[in-house]
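All heavy atoms count here, side chains included; hydrogens, waters and symmetry mates do not.
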Amino acid sequence: MGKYDTTKLRNLGIVAHNSAGKTSLVEAILFNTGMTDKLGKVDNGTSSMDFEEEEIKRQATLSASLNHCTWNDYSLHIVDTPGVSNFLHDTRRCLRVLGGAVVIVSAISGTKAQTKQIWGWCDDFEVPRMAFVNKMDKERANFLKAVDDMEKSLGARAVVVTMPIGAEEDFSGTIDLVRMKARLYKFDEKGTYDETDIPAEYQDEAERLREQLLEAVAEADDELMEKYLEGESLSEEEVFKGLREGTLTGVFTPVFCGSATANIGIRQLLDYITVCMPSPVDKGTQIGVKPGTDETVERRPSEDEPFSAMVFKTINDPYAGKLSLMRLYSGTLSSDTVVYNPNKDEKERISNIFKLEGKKQTAIDLAAAGDIIAVPKLKATATGDTLCDLKQQVMYEPLVPLKPIISFALEGRSKGDEDKIYTGLQRLMEEDPTLTVTRDEETKEMVLSGMGQIHLEVAVERLKRKYGADVVLKEPKVPYRETIKASTQVQGKYKKQSGGRGQYGDVWIEVKPLPRGAGYEFVDKVVGGVVPRNYIPAVDKGIVEAMKTGPLTKNQVVDVQVTLYDGSHHSVDSSEMAFKVAGSMAFKKAMEQCKPVLLEPIMAMEITVPDDCMGDVIGDLNSRRGKVVGVEPQANSQVIKAEVPMAEVLRYAPELRSMTSDRGMFTMEFNKYEEVPTHQTAKILEEQGNA
């Protein structure tokens, strides 16, 4: 690894909603910095960053990919992040360790709900931002409208640093408002331009936006403010100083413009990345704890500190094995060393160190504080774990994965593939902690849960391509429950005689409904020894087993109280087994007399939608038998809180996306069970063939 000054290192995420042009911008950056000799294109599959088959097929980034480059003696680590809503969890994990972010705003569509969500995570992790208004050469491009959309929807204070010359087919270049010079591009995809004076027709607008720029940079620095208020002009160096200060502190967001696919405005953006974005030194001390204690530990971003790093992403390759991607917070790391994982209480040997260049890996000998690297074949380390010096230990707070919002049942296309399916899914879950696999003991289904239908479909495609496990996604069975609405008293008598010792058990039970959520209660009121004490647990056990299959849908029975109050026994023929059977018989008979009803799971949902979609979404929830329990306004959006039957929202993600033009988001979790309406019960029984 070439030695460099840590203050000249920039760790950047390129973030935005899907189709804003993130990958195209990364390709343009790599081309302009000499990392590639050809401008990669997403549309024709030549991108070096979107290299997975599923990404090429969908022409979208589905997993964060890394590369690095140099510009004006600065080292840049660049992370191309997903913008598709189903895959934003990967973007969130990357933002946890990155120094800064370039937020792409489409000159055509402005910002979307995904941009807003990413912006919020940047706030949470204190990530300074720059904005790049992309696609200025496309039809319907409107620079000032995009800037206005940033301010309204994101709450950003947008400060224009470069403005466009023309738009759509008339877009011809950019104006640098710090240097007050114009660049007229040749549209040869090489980024070549002529620097000229500002065209006369743009002079007034440039002066207006420059004044706003100078006012903003002055506000970021007390000395500059004093000079500005006294009417003195600010030097170019002073403007750069104020730009950097304002960006790092979040006082404002500098805005640039251009076209990634035409390679216009990219070199200007790179110039200002080196000026405005933070180095690891600017990000300051990282705070952790001493493992096993609450004692705070600090690590400075210096090579002289003990080694510490966080693993923020895992990549599994069926041939190359596991790669752990990590950000070094302090110290240095060399190959063939042993480090400590406090999360797993395990030592790990570092065999090799790589820098990633898309899907390529370049071996390096040494990594230092601030670096982003990949290490192969760590045996215990997972995403979110800390690695540190053996003797001077520290553990950083891991990022809690987002909760899955949709589930599908998995069924292998071929019998006997279960082990292969499970092994492949374990590898996928190492890469993506938001994927979860559970075995539903009630329905006997393997259930895959994730952030959306596309998320799960891509997981299934990767499962087949990487691990040879071919599965089908099916709508999972709804875990209905059954309960009762009336009380009864019944006898359960089991008597069997077939030569030799027989079987005899006789019980009388009273069955009553309990409040919703109370579960099951067994009450022993036997007196006089009519049922011997040693047989009473067997009666309870027989009832519990009978509760596993109710009379309506064969689902579990809940919320009942069973009182054992009488019975009889035989001194020779009675046994635990006989009383267990008697208890089971009595409970099944009681269920038929106690007006059994069906219960369904109700999900608590929070749905964030644009203001103009709220009526449609609420109307749709009502049609799904949902109940809106509250609406909270947010900036240009509304958060709808609702309770909706699970059966009505098994495929809600694509339907919400359709209703809101991909601007809506939701979370949901189990809330409670409620009685199914009579007409709905009849429909369910008919579908299950139990009517």
Side-chain angles (χ1 to χ4, degrees), residues 404-413 415 437-450 452-454 456-457 460 471-486 513 516-517 545-560 587-605 607 617 619-628 642-659 666 668-691:
I405 63 173
I406 193 171
S407 299
F408 278 83
L410 288 181
E411 185 178 276
R413 291 188 189 272
K415 289 185 178 180
V437 178
T438 55
R439 169 73 70 177
D440 192 315
E441 294 302 324
E442 189 174 333
T443 64
K444 307 304 179 187
E445 292 177 317
M446 186 183 292
V447 178
L448 179 65
S449 303
Q453 188 169 340
I454 299 174
L456 299 187
E457 288 172 355
V460 166
V471 300
V472 179
L473 286 175
K474 297 167 52 184
E475 211 166 81
K477 295 174 184 175
V478 176
Y480 292 107
R481 297 285 184 265
E482 298 183 28
T483 192
I484 56 175
K485 298 190 77 173
R516 195 71 62 240
E545 288 196 4
M547 288 176 65
K548 291 179 180 178
T549 53
L552 298 176
T553 59
K554 309 303 181 188
N555 281 288
Q556 185 178 344
V557 178
V558 296
D559 302 338
V560 294
F587 184 78
K588 289 178 179 178
K589 187 189 298 184
M591 282 297 296
E592 296 173 357
Q593 301 176 14
C594 289
K595 299 181 180 178
V597 294
L598 198 59
L599 302 176
E600 63 182 342
I602 304 297
M603 311 303 286
M605 302 183 70
I607 310 156
V617 172
D620 177 72
L621 289 171
N622 291 334
S623 73
R624 297 173 187 269
R625 300 187 289 122
K627 179 172 65 176
V628 176
E643 295 176 355
V644 192
M646 177 192 283
E648 303 287 349
V649 288
L650 288 173
R651 290 181 177 268
Y652 188 66
E655 289 158 350
L656 177 67
R657 195 159 57 242
S658 175
M659 277 187 288
F666 76 98
M668 70 175 173
E669 58 185 16
F670 170 76
N671 184 26
K672 59 187 175 183
Y673 273 92
E674 283 186 355
E675 184 179 339
V676 179
T678 304
H679 70 280
Q680 197 71 22
T681 298
K683 183 179 176 183
I684 293 166
L685 294 180
E686 183 179 352
E687 289 172 352
Q688 296 190 2
N690 298 331

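- Atom CE of residue M646 and atom OH of residue Y480 lie 9.5 Å apart, to the nearest 0.5 angstrom.
- Proximity of K548 to Q556: side-chain heavy atoms (C-beta onward) are nowhere separated by under 4.5 Å.
- With rounding to the nearest 0.5 Å, the separation of CD in E648 from CE in M603 is 13.0 Å.
- Residues L448 and V471 have side chains not in contact (no heavy-atom distance under 4.5 Å, counting atoms from C-beta outward).
- The shortest distance between side-chain heavy atoms of E600 and R625 falls below 4.5 Å.
- Between R624 and E655, at least one side-chain N (NZ, or NE/NH1/NH2) sits under 4.0 Å from a carboxylate O, which counts as a salt bridge.
- Contact of the F587 side chain with the V560 side chain is registered, since non-hydrogen atoms from C-beta on lie closer than 4.5 Å.
- Counting all heavy atoms, side chain and backbone alike, P479 lies closest to P601 at O-CD, 3.9 Å.
- One distance of note links CG of N555 with OG1 of T483; it measures 12.5 Å at 0.5 Å rounding.
- Side chains of F666 and L656 form a contact here, defined as non-hydrogen atoms less than 4.5 Å apart.
- When atom types are taken as modelled, the side chain of E482 and the backbone of K554 share a donor-acceptor pair closer than 3.5 angstrom.
- Residues D620 and Y652 meet the side-chain proximity criterion, which asks for heavy atoms closer than 4.5 Å.
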**Report entry** Verdict with reasoning, V557 to I484, per side-chain contact (heavy atoms from CB on, under 4.5 Å)
**Finding:** CA-CA 8 Å; V557 178; I484 56 175; 5.5 Å; no
